[in-house]
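Single-structure report; data block below.
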Amino acid sequence: MRVTQIIATAALALVSTFAAATDTAEQTIRKTLQTLELGLPVESVASSPLNGLYEVKLQGGRVLYASPDGQFVMQGYLYQIQDGKPVNLTEKTERQAIAKTINAIPAAEMVVYPAKGETKSHITVFTDTTCPYCHKLHAEVPELNRRGIEVRYVAFPRQGLGSAGDEQLQAVWCSSDRKGALDKMIDGKEIKAAKCANPVSKQFQLGQSIGVNGTPAIVLEDGQVIPGYQPAPQVAKLALAGGK
């Protein structure tokens, strides 16, 4: 009984020591990251699957790695060999974070084109009404809907806030019929809408935080980001496969 108690006490001491070391490493790494002026808040610092390396999650889903003393910080992919095959742990973590962020956007803040019949999956598209390839993708939305894919639009004025695209997107989001307004705007028709509180700038910043730098940018349900235009059959295949 005495031996069991000693072992239990020793184990508890080790856990406490590890927790203290982790806390110290987190504080040290956060201090280092502050000097780097990353421009994105640090959401968490925790031990990574690789001993001696810490995983740093930034707002929006991006992942960095750091040494416990904060002297080394790196950006790149961390792979683990599982059953003889490489698994990209970094990409997996980033996708999970992006999916959580994107799927939390309220439907009331998007322009939604529902699937026909059963909704099998959904995609979220960062769009700009001045973008020709966004127009091309928009023409294929009915086909995506027919295949059971719900299309959710969010705003991303590719030339920045205050641009022509920004003004057009705000007009769409301030319209009483957003779908109709978006359709008309993409068809080259002018629409008028009174200024209102809208999520365009917030969505633009959100896109930047997850690495969007052009339009269209398609985010699958599992968080995979597809930059640029892809034909409807290819998008549907990826969406229905969960991005795999």
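Just so it is clear, the values below take in all heavy atoms, side chains as well, and ignore hydrogens, waters and symmetry mates. Sequence positions, counted from 1, serve as the residue numbers for this chain.
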* **Heavy atoms of other groups near Tyr133 OH, more than 12 under 6.0 Å** => no

* Asked: Out of curiosity, Ile98 CD1 to Lys100 NZ, how far, rounded to the nearest 0.5 Å?
  -> 13.5 Å

* Asked: Would a hydrophobic clustering, with Ile, Leu, Val, Met, Phe, Trp and Tyr connected at side-chain separations under 4.5 Å, put Leu144 with Ile226?
  -> yes

* Structure fact -> When rounded to the nearest 0.5 Å, the distance separating CD1 of Ile191 from CE of Met185 is 3.5 Å

* Would you say Asp222's side chain and Gln224's backbone share a donor-acceptor pair under 3.5 angstrom? -> yes

* **Common cluster, Val111/Phe204, ILVMFWY with side-chain heavy-atom separation under 4.5 Å** => no

* I would like to know whether Ile210 and Ile102 meet side chain to side chain contact (heavy atoms under 4.5 Å, CB included); could you show each step before the answer? => CA-CA 9 Å; Ile210 67 170; Ile102 295 298; 4.0 Å; yes

* Asked: Okay, side chain of Glu26, backbone of Ala46: is any donor-acceptor separation there less than 3.5 Å?
  -> no

* Does any donor atom in the side chain of Ser175 or Asp177 lie under 3.5 Å from an acceptor atom in the other side chain? -> no

* **Distance-only polar pair, side chains of Glu55 and Ser48, donor-acceptor under 3.5 Å** => no

* Heavy atoms, side chains only, cut-off 4.5 Å: are Pro41 and Leu58 in contact? -> no

* Structure fact -> One should read off an interatomic distance between Leu53 CG and Met74 CE, to the nearest 0.5 angstrom, of 7.0 Å

* Asked: Do Val219 and Phe126 have side-chain heavy atoms sitting under 4.5 Å apart?
  -> yes

* According to a 4.5 Å side-chain heavy-atom criterion applied to Ile, Leu, Val, Met, Phe, Trp and Tyr, with indirect links allowed, do Val42 and Leu206 form part of one hydrophobic cluster? -> no

* Asked: Does Asn103 reach the main-chain N or O of Glu221 with its side chain, forming a donor-acceptor pair under 3.5 Å?
  -> yes

* **Donor-acceptor under 3.5 Å (Asp128 side chain, Arg158 main chain)** => yes

* Can you check whether Phe156 reaches Asp166 side chain to side chain, under 4.5 Å on heavy atoms? -> no

* Kindly give the heavy-atom pair with the smallest separation between Val56 and Leu33, and that separation in Å. => CG1-CD1, 3.5 Å

* To do: Over all heavy atoms of both residues, which pair between Gln75 and Val63 is shortest? Give the atoms and the distance, please.
  => CG-O, 4.3 Å

* **Heavy-atom pair of closest approach, residues Ile149 and Ala239** => CD1-CB, 3.9 Å

* So do the side chains of Met110 and Tyr153 get within less than 4.5 Å of each other, counting heavy atoms only? -> no

* Joint cluster assignment, Val212 & Leu137, ILVMFWY side-chain distance < 4.5 Å -> no

* **Non-hydrogen side-chain atoms of Val154 and Val125 separated by less than 4.5 Å** => no

* Charged N to carboxylate O under 4.0 angstrom, Arg95 versus Glu91? -> yes

* **Where Thr130 and Gln168 come nearest, the two heavy atoms and their spacing** => CG2-OE1, 3.8 Å

* To do: Go through Lys136 and Glu140 one step at a time and tell me if the salt bridge (Lys or Arg N to Asp or Glu O under 4.0 Å) criterion holds.
  => CA-CA 7 Å; Lys136 190 172 182 179; Glu140 298 187 42; over 6 Å; no

* To do: Taking all heavy atoms of Pro68 and all of Ile29, pick out the closest pair and write down the distance.
  => O-CG1, 4.2 Å

* Is there a donor-acceptor contact under 3.5 Å linking the side chains of Tyr113 and Asp183? -> yes

* **Expected output: side-chain Gln203 to main-chain Ala155 donor-acceptor under 3.5 Å** => yes

* Asked: Is there side-chain contact between Pro216 and Thr127, with heavy atoms separated by less than 4.5 Å?
  -> no

* Going through the distances and angles, do Glu167 and Lys195 end up as a salt bridge (Lys or Arg N to Asp or Glu O under 4.0 Å)? -> CA-CA 10 Å; Glu167 292 296 320; Lys195 291 288 185 180; 2.9 Å; yes

* Are Leu169 and Thr129 close enough that some pair of their side-chain heavy atoms sits under 4.5 Å apart? -> yes

* By ring-ring contact (aromatic ring centres under 6.0 Å, His included) - contacts of His122 (at least two apart) -> none

* To do: Look only at the side chain of Asn198 and the backbone of Val200, and say whether a donor-acceptor pair between them is shorter than 3.5 Å.
  => yes

* Structure fact -> Heavy-atom closest pair (Thr28 atom, Asp69 atom, distance to 0.1 Å) is CG2-O, 3.2 Å

* Expected output: side-chain His138 to main-chain Ile186 donor-acceptor under 3.5 Å -> no

* Asked: Should Glu190 and Lys192 count as an ion pair when the cut-off is N to O under 4.0 Å?
  -> yes

* Asked: Members other than Tyr79 in its cluster, when Ile, Leu, Val, Met, Phe, Trp, Tyr link by side-chain heavy atoms under 4.5 Å?
  -> Tyr77

* To do: Before giving the answer on side chain to side chain contact (heavy atoms under 4.5 Å, CB included), spell out for Arg178 and Leu182 the whole-Å C-alpha distance, their side-chain angles and the decisive distance to 0.1 Å.
  => CA-CA 6 Å; Arg178 289 180 183 171; Leu182 183 59; over 6 Å; no

* To do: Would you give the length of the straight line joining atom NZ of Lys92 to atom CD of Gln96, rounded to the nearest 0.5 angstrom?
  => 6.0 Å

* Within-4.5 Å side-chain heavy-atom neighbours: Tyr54 and Ser47 -> yes

* With side chain to side chain contact (heavy atoms under 4.5 Å, CB included) as the test, would you mind laying out the steps for Leu50 and Tyr65 before giving the verdict? => CA-CA 10 Å; Leu50 178 61; Tyr65 298 99; over 6 Å; no

* **ILVMFWY cluster, Val225 and Ile105 together (side-chain gap under 4.5 Å)** => yes

* Structure fact -> dist Leu78:CG -> Leu89:CG (nearest 0.5 Å) comes out at 5.0 Å

* For the pair Trp173 (side chain) and Glu109 (backbone), establish whether a donor and an acceptor sit closer than 3.5 Å, ignoring hydrogens and angles. => yes

* Under 6.0 Å from the CG atom of Asn213, do we count more than 12 heavy atoms belonging to anything else shown? -> no

